[in-house]
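Scroll down for the structure; my scribbles are underneath it.
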2 protein chains.
Amino acid sequence: MGAKEKRVKNKEEFRREILNSARELFIDDGYEKFSMRRLAEKIDYSPTTIYLYFKGKDDLLLAICEEVAEQFLTRMSHIRSVQSNPYEALRQAMLYLVEFAFDNPNHYKIFFLTRPNVYGTQEEFMKRESMARNSYFEFRKVVQVCIGAGKLRPMDIDVLTQVLATAPHGLITMMLYRSSFPWADRRVLATTLVDGLLRGFRK
Amino acid sequence: MGAKEKRVKNKEEFRREILNSARELFIDDGYEKFSMRRLAEKIDYSPTTIYLYFKGKDDLLLAICEEVAEQFLTRMSHIRSVQSNPYEALRQAMLYLVEFAFDNPNHYKIFFLTRPNVYGTQEEFMKRESMARNSYFEFRKVVQVCIGAGKLRPMDIDVLTQVLATAPHGLITMMLYRSSFPWADRRVLATTLVDGLLRGFRK
DNA sequence: ACTATAACTTAACAGCGTTAAGGCTTATTG
DNA sequence: CAATAAGCCTTAACGCTGTTAAGTTATAGT
């Protein structure tokens with residue numbers, strides 16, 4: 001039925017519109033001020049309407065997390081295709097992580113502040129297709145190539161990937177959430193961390 | 001006046017009792033379930049009573065953060081006095097950071113999730129005496145000694161301190177908040193990170 | 001024309017942090 | 001001793017929050 005398809009399509013369109021407005025609200029007013037009711041007001045519908053398109057706030061946040069992860073994934077693939085030097089690709093990937101966070105602090109906060117376990121159990125996470133999962137594997141590939149090319153010490157690929165991925169996250173979150181601390185220059189901190197860390201795992 | 005002093009002492013005692021109950025509530029039920037009203041119920045007072053002893057929720061959280069920082073500070077001093085090898089002291093300090101976080105995830109969440117800027121502006125943070133500030137300087141000393149002893153490359157002490165302190169934080173927060181991800185073994189990750197990182201800054 | 005369905009809203013529940021106002025008990029003063 | 005002041009605590013309320021149940025309204029299909 002053509003009508004039904006149209007209805008479905010409209011439903012998906014509307015879902016996207018809500019998502020776009022939510023993202024705008026986050027960027028304009030910050031994570032702290034975001035609420036379902038404010039979002040409803042922004043899109044000129046009653047709060048309950050949103051619940052016809054998203055299971056709840058967590059579901060909406062999860063959808064935005066996936067957007068963020070998709071952006072990251074895209075950039076990661078780009079770096080990998082452009083940069084032939086594997087070590088430099090990894091370096092750039094890590095630096096991009098930090099750069100992205102500071103350019104989009106609210107996106108990053110969404111990704112981080114979303115309550116735990118929105119992705120389900122560990123097994124569910126690995127089974128279910130998700131941008132978050134895919135971008136992990138994309139980053140892992142970059143690390144893998146580095147080891148394969150003999151640039152980094154051979155070791156458990158997942159351990160190394162997780163160490164390299166989370167360390168910059170620490171710098172980011174602390175700087176974002178403890179802004180009252182007199183941090184050193186962002187770029188200096190980022191390059192020092194990344195270069196130091198990679199040097200530590202060089203062959 | 002003796003009576004006045006006694007009253008003041010009682011006031012401080014009560015403040016401590018509230019704080020203790022708050023900590024208990026955090027540990028038993030987790031950060032997410034904590035609220036002023038639930039705390040009030042636990043101590044068998046009306047919610048407003050808490051406001052006679054704390055400015056508000058943030059103030060209460062800040063007090064708990066300070067407790068956490070004090071614990072960290074004590075341990076840090078202990079390590080420094082026991083361990084004569086500066087490099088090993090730094091290594092242990094960093095490993096302790098991770099260990100503490102996983103042993104006291106709720107404490108750590110409080111410290112982290114507390115809204116930004118509760119410590120005021122950057123200048124205020126450095127001026128005002130606080131356990132958070134002191135423990136930073138304590139950690140900084142450990143790093144300083146390492147550089148002084150020629151164990152680490154000479155470089156900006158604050159940059160290095162901040163890099164070494166925040167990197168483990170990334171591992172911790174990600175593992176605590178993204179528990180649906182199939183992380184590798186905690187200890188392996190912790191030692192890999194710390195040893196790799198320190199190796200990267202060795203002379 | 002009647003009915004079913006889809007889209008949306010109103011009203012409400014239960015919770016939150018916080019504040020203003022008032023009550024009650026104890027201490028201080030005229 | 002009676003009147004007043006101070007300290008401690010509570011009740012009630014404001015304005016938020018996420019979420020749900022029930023009801024309305026308009027449109028499509030028979």
Side-chain angles (χ1 to χ4, degrees), chain A residues 1-19 21-23 25-26 28-65 106 109-110 113-118, chain B residues 1-19 21-22 25-26 28-65 109-110 113-118:
Chain A
M1 314 268 173
K4 196 171 189 181
E5 271 170 27
K6 199 194 166 191
R7 228 182 293 125
V8 169
K9 200 198 159 188
N10 281 342
K11 189 138 189 169
E12 270 171 22
E13 249 174 40
F14 196 9
R15 205 186 128 97
R16 278 233 60 84
E17 273 175 39
I18 295 175
L19 219 50
S21 294
R23 199 183 332 98
L25 200 56
F26 270 119
D28 292 348
D29 299 2
Y31 178 89
E32 285 76 13
K33 285 187 177 174
F34 177 87
S35 80
M36 297 296 266
R37 293 175 123 102
R38 273 170 62 95
L39 175 58
E41 204 173 320
K42 186 181 164 77
I43 62 175
D44 263 321
Y45 282 88
S46 92
T48 47
T49 301
I50 303 173
Y51 287 82
L52 301 171
Y53 298 87
F54 296 91
K55 269 184 235 162
K57 198 186 181 184
D58 278 2
D59 191 37
L60 206 156
L61 291 179
L62 182 62
I64 297 187
C65 280
N106 279 310
K109 280 188 185 179
I110 300 161
L113 266 181
T114 299
R115 277 213 291 287
N117 298 327
V118 284
Chain B
M1 314 266 172
K4 198 170 187 180
E5 271 169 27
K6 198 191 166 192
R7 226 182 295 124
V8 168
K9 200 197 160 190
N10 281 341
K11 188 138 188 170
E12 270 169 21
E13 251 174 37
F14 196 8
R15 205 187 127 99
R16 278 233 60 82
E17 273 175 36
I18 295 174
L19 220 51
S21 294
L25 201 56
F26 270 120
D28 293 347
D29 299 2
Y31 178 90
E32 285 76 13
K33 284 187 178 174
F34 177 87
S35 78
M36 297 297 264
R37 293 176 125 102
R38 273 170 62 94
L39 175 58
E41 205 172 320
K42 184 181 166 78
I43 61 175
D44 262 322
Y45 282 87
S46 92
T48 47
T49 302
I50 303 173
Y51 287 82
L52 301 171
Y53 299 87
F54 296 91
K55 270 184 236 163
K57 198 185 183 185
D58 279 1
D59 192 37
L60 205 156
L61 291 178
L62 182 62
I64 297 187
C65 282
K109 280 188 186 179
I110 300 160
L113 266 181
T114 298
R115 277 214 291 287
N117 297 328
V118 283

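When reading the values below, keep in mind they use all heavy atoms of this one structure, side chains included, and skip hydrogens, waters and symmetry mates. All chains are named by letter (A, B, ...) in the order of the sequence lines, taking the proteins before the strands, and each is independently numbered beginning at 1.
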Spacing between [X] atom [atom1] and [N] atom [atom2], to the nearest angstrom:
X     : N      : atom1 : atom2 : value
A:I43 : C:dA7  : CD1   : C1'   : 13 Å
A:R15 : C:dA6  : CZ    : C1'   : 18 Å
A:L25 : D:dG18 : CG    : P     : 11 Å
B:D58 : C:dT18 : CG    : P     : 7 Å
A:Y53 : D:dT19 : OH    : C1'   : 18 Å
B:E41 : C:dG15 : CD    : C1'   : 12 Å
A:K55 : D:dT20 : NZ    : P     : 12 Å
B:L60 : C:dG17 : CG    : P     : 10 Å

Inter-residue atom distance [X].[atom1] - [Y].[atom2], 0.5 Å rounding:
X      : Y     : atom1 : atom2 : result
B:K57  : B:F34 : NZ    : CZ    : 6.5 Å
A:I110 : A:L62 : CD1   : CG    : 12.0 Å
B:L19  : B:I43 : CG    : CD1   : 11.0 Å
A:I18  : A:M36 : CD1   : CE    : 8.5 Å

Measure across B:P47 and B:R37 and return the closest heavy-atom pair with its distance rounded to 0.1 Å. CG-CG, 4.2 Å

Just list the side-chain donor-acceptor pairs under 3.5 Å for residues 49-56 of chain B, sequence neighbours left out, or say none.
unit_1	atom_1	unit_2	atom_2	d
B:T49	OG1	B:S46	O	3.3

Between protein and nucleotides 10-17 of chain D, map the contacts as a letter string: B base, S sugar-phosphate only, - none, heavy atoms under 4.0 Å, written 5' to 3'. BBBB---B

Has B:K11 got a side-chain N or O lying under 4.0 Å from the OP1 or OP2 atom of D:dG7? no

